Amino acid sequence: MLVLDQSLSSLAGLAIVIGLALLLPLATQKSTWIRVLLLGLTTVLGWRYMIWRITETVPPAVDGLTIDVIVGWAFVAIEALALLSSTTAYLFLTRRKDRHEEADRNIAWWGSTAPRVDLYIATYNEELEVLERTLAGAQASDYPNLRIFVLDDGRREWLTEVCRRYGAEHRTRPTNEHAKAGNINYTLTQRLKDEDAPDFVAVLDADFVPHRNFVRRVVALFHDPKVGLVQTPQHFFNPDPIQHNLYIASAYPDEQRFFFEHLEPARDAWGIAVCCGTSSMVRVSALREIGGLPTQSVTEDFLLTIRLDSHGYRTVYLNEALTEGLAPEGLHEYVVQRGRWCLGMMEIVRNVYNPFGTNGLRFMQRLSLVDSAMFWMTTFPFRLIALIGPLLYWYFGIIVVNASLTDVVSYYLPYYAAVLITLNWISNGMIWPVLNDVSQLIAAWPITRAAAMGLLTKGPHKFRVTAKGGDRTKTIVQWPMMKPFAILFGLTVLGILMPLIFPDHFSHVFKAGDGIRIILFWTIYNLIVLAITMLVCVERPRVNRPQRESVELATMAVGSQRLPSWVLELGIDHARVRGLAGLSVGALGTIALADVGDVAIRVTSETNDGYRLSLRPTPEQRDGILRKLHTADARPGVGRGDLPEMIRGWMRGLASR
């Protein structure tokens, strides 16, 4: 009876958290005091748990530095640093700033003459298909005083004619010094000598397509002369490798959505929004004052924010879907990109702006630097050691968390529940435990290695460009990436089985008492995360990349027939329609697409509710389809997790195998 009473009392904290969660539908997400209350409660519960961990669950060092003591304290130290990083994020999230109305009010603050804007599209080795999308979008801009430049560090002669066709200028330079930052600085230096030198410079990566109103909406926020840079979110019209390989692109947001939808607006409210490179615009006079884009880090965008701030210019954030780009399509590129971000951040805090140094930074900028550095230094190493903890017990009898089940339920579960409830309320359902862990684990080792390299070596470090485009039509198993996860999975399974097969040699397993339940649950959870991570390493084919699911009424003409139909999918060279019957495969005709015209078609196959079509557009119609797909005032992708849709996606994936 006493055990039952203890078990029930340990659930009290979890019950209170869940009870508060049941009241959240009555509150609006714009309520600041609700945000403060929830994040404050989460922080208190987090540090309540951590104090318990430090004082009750780590072996004391009374008998010297035994292996249990060393491992126990190392684990709890990394866990505490990760919680400290989370605490700064909770602080930032207590506020939020939206600038939609400010942009509306100042949409024409300049009067009769619009400021001169240069749009720089930085490219190195992207293929024509990628560049055409961006150029077609830039050409469709509704801003009246815009010049478009393609800054080509690949020095490709064929690109000159492509640029001319889209009304852009092709610029090259003699060397590739300082990569993207050097590329932009070189062209801007030349442009400042011209009579029509720009007032503002917008920057796009080669794979990011601007919507028609991108320039106009962003320029509106420069009505304040102290605004040095405006950043907008990065949206993606294709799924990232995790979404795609797990069949959840229509049900789970891309990995960067929480940052762009919620953390950046929160940082903006504190005056510490950051530049993320593409989809941004900078004031040229401010850029000249700081000597151009800084080149001391491979992540020049974050460094640019700090440099502008140190000269009195603010970076602000406009949370509107004004561009859309190509997410890394391959797992290798996905990991390389995040490793580069980590390396650049470490270069900044080590070589340029020490947050604890005498460099004139504001307190909030110092806190911003600490927060960003700690995110990379703690989140991903902690994900790795979380896999190792149970293995130490199964093989060596080392208990990393020496606690009873009732204590874990009492101290850890209320905090864990508070994190999920609070962040999902703030983000409208973006945080999913296992999938969140998988997205961190897939790049955990490269990021941990990059953090160590950036902190311990001065550099310079080699810049690696994220590859885009290419042939993605084959299934590829990323064995080098899968191998360590497979080894950990095998060791974990073996660790559970060995005490059952050789009980005499693993007698320590049966002496853990109540703690064995914690280790067992932890082990099973790790196996689930590792299994899904290995599935992510099997890269599924990607076909017809530039497409978007949409619903549009169109008229098809086949022979003498004129047939109304619904267009469900549209790409450059294909479409899927429904609402038709009686057509034969191979039939030729046209389909009337709004803003494009009558496009020649061929019926290629029949579906359950219609047909798949091969499109044969003219060059002008091809550009029209590109603009139709990527420049509309719409937000691509999904904004929240949807479990039923995930299950349907998994079922479709199993059926297609």
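Values in this document were obtained by computation on a predicted structure and should not be read as measured data. These values consider heavy atoms only, across backbone and side chains, with no hydrogens, waters or symmetry-generated copies.
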Output yes when a side-chain donor or acceptor of [X] lies under 3.5 Å from a complementary backbone atom of [Y], and no otherwise.
{"X": "Thr187", "Y": "Ile184", "value": "no"}
{"X": "Asp153", "Y": "Asn176", "value": "no"}
{"X": "Asp240", "Y": "Asp254", "value": "no"}
{"X": "Asn183", "Y": "Leu151", "value": "yes"}
{"X": "Thr305", "Y": "Cys275", "value": "yes"}
{"X": "Ser280", "Y": "Gly277", "value": "yes"}

Please walk me through it: do Met374 and Ser86 pass side-chain contact (heavy atoms from CB on, under 4.5 Å)?
CA-CA 9 Å; Met374 287 191 62; Ser86 297; over 6 Å; no
Rounded to the nearest 0.5 Å, what's the gap from [atom1] on [X] to [atom2] on [Y]? Could you check?
{"X": "Leu83", "Y": "Thr43", "atom1": "CG", "atom2": "OG1", "value": "8.0 Å"}
{"X": "Cys342", "Y": "Met377", "atom1": "SG", "atom2": "CE", "value": "9.0 Å"}
{"X": "Trp341", "Y": "Cys276", "atom1": "CH2", "atom2": "SG", "value": "8.5 Å"}
{"X": "Leu435", "Y": "Leu246", "atom1": "CG", "atom2": "CG", "value": "7.0 Å"}
{"X": "Arg307", "Y": "Leu229", "atom1": "CZ", "atom2": "CG", "value": "14.0 Å"}
{"X": "Gln256", "Y": "Glu264", "atom1": "CD", "atom2": "CD", "value": "11.0 Å"}

Hey, mind stepping through Arg383 and Asp437 against salt bridge (Lys or Arg N to Asp or Glu O under 4.0 Å) and telling me if it holds?
CA-CA 7 Å; Arg383 188 60 52 213; Asp437 292 344; 3.1 Å; yes
Side-chain heavy-atom pair [X], [Y] within 4.5 angstrom cut-off:
{"X": "Ser297", "Y": "Phe302", "value": "no"}
{"X": "Leu318", "Y": "Gln231", "value": "no"}
{"X": "Ser279", "Y": "Phe208", "value": "yes"}
{"X": "Met481", "Y": "Leu331", "value": "yes"}
{"X": "Met364", "Y": "Phe92", "value": "yes"}
{"X": "Leu188", "Y": "Leu293", "value": "no"}
{"X": "Phe200", "Y": "Val215", "value": "no"}
{"X": "Leu287", "Y": "Leu304", "value": "yes"}

Under the side-chain hydrogen bond (donor to acceptor under 3.5 Å, both in side chains) rule, what do Arg366 and Tyr353 come out as? Steps first, then yes or no, please.
CA-CA 9 Å; Arg366 294 178 187 274; Tyr353 284 106; over 6 Å; no
With a 4.0 Å cut-off, would you call [X] and [Y] a salt bridge?
{"X": "Arg314", "Y": "Asp309", "result": "no"}
{"X": "Asp98", "Y": "Arg96", "result": "yes"}
{"X": "Asp301", "Y": "Lys180", "result": "no"}
{"X": "Arg267", "Y": "Asp371", "result": "yes"}

Could you walk me through whether Trp425 and Arg35 pass the side-chain contact (heavy atoms from CB on, under 4.5 Å) check?
CA-CA 9 Å; Trp425 181 77; Arg35 294 169 71 95; 3.8 Å; yes
From CA spacing to verdict: side-chain contact (heavy atoms from CB on, under 4.5 Å), Glu261, Met430:
CA-CA 10 Å; Glu261 295 291 321; Met430 284 189 181; 3.8 Å; yes
Which is it for His332 and Gln478 under the side-chain hydrogen bond (donor to acceptor under 3.5 Å, both in side chains) test, yes or no, and what are the steps along the way?
CA-CA 8 Å; His332 177 71; Gln478 295 288 357; over 6 Å; no
Nearest non-hydrogen partners of [X] and [Y], listed with the distance:
{"X": "Ala403", "Y": "Thr57", "answer": "CB-CG2, 3.9 Å"}
{"X": "Phe260", "Y": "Thr232", "answer": "CE2-O, 4.5 Å"}
{"X": "Arg95", "Y": "Ala269", "answer": "NH2-O, 3.2 Å"}
{"X": "Ala444", "Y": "Thr448", "answer": "O-OG1, 2.7 Å"}
{"X": "Gly228", "Y": "Ala286", "answer": "CA-CB, 4.5 Å"}
{"X": "Ser310", "Y": "Leu361", "answer": "CB-CD2, 4.5 Å"}

Of Leu488, Ile532, Val529, which meets side chain to side chain contact (heavy atoms under 4.5 Å, CB included) against Leu441?
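The single option meeting the side chain to side chain contact (heavy atoms under 4.5 Å, CB included) with Leu441 is Val529.
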Fit a plane to each ring of Tyr416 and Tyr412, take the angle between them on a 0 to 90° scale, and name the class: parallel (under 30°), tilted (30 to 60°) or perpendicular (over 60°).
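If you compare the ring of Tyr416 with that of Tyr412, the planes turn out parallel.
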Can you classify the ring geometry of Phe380 versus Phe375 as parallel (below 30°), tilted (30 to 60°) or perpendicular (above 60°)?
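Geometry flag for Phe375 against Phe380: perpendicular rings.
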Counting heavy atoms not belonging to [X], are there more than 12 under 6.0 Å from its [atom1]?
{"X": "Phe259", "atom1": "CZ", "value": "yes"}
{"X": "Trp47", "atom1": "CH2", "value": "yes"}
{"X": "Arg288", "atom1": "CZ", "value": "no"}

Applying side-chain contact (heavy atoms from CB on, under 4.5 Å) to Phe214 and Arg217, what does each step give before you reach the verdict?
CA-CA 6 Å; Phe214 164 62; Arg217 295 292 292 175; over 6 Å; no
Is Arg338 close enough and on-axis enough to Tyr334, meaning under 6.0 Å and within 45°, for cation-pi?
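Judged by the rule, Arg338 and Tyr334 form a cation-pi pair.
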So, is the end of the Lys226 side chain (NZ or CZ) under 6.0 Å from the ring centre of Tyr313 and within 45° of the ring's axis?
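Yes, a cation-pi geometry.
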Going through the checks in order, is the side-chain hydrogen bond (donor to acceptor under 3.5 Å, both in side chains) test met by Thr42 and Thr422?
CA-CA 8 Å; Thr42 301; Thr422 298; 3.1 Å; yes
Strictly by modelled atom types, are Glu102 and His223 linked by a side-chain donor-acceptor pair under 3.5 Å?
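Looking only at side-chain atoms, His223 and Glu102 do form a donor-acceptor pair, the distance falling under 3.5 Å.
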Taking the ring centre of each residue, are Tyr49 and Tyr411 less than 6.0 Å apart?
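Ring-ring flag for Tyr49/Tyr411: false, centres at least 6.0 Å apart.
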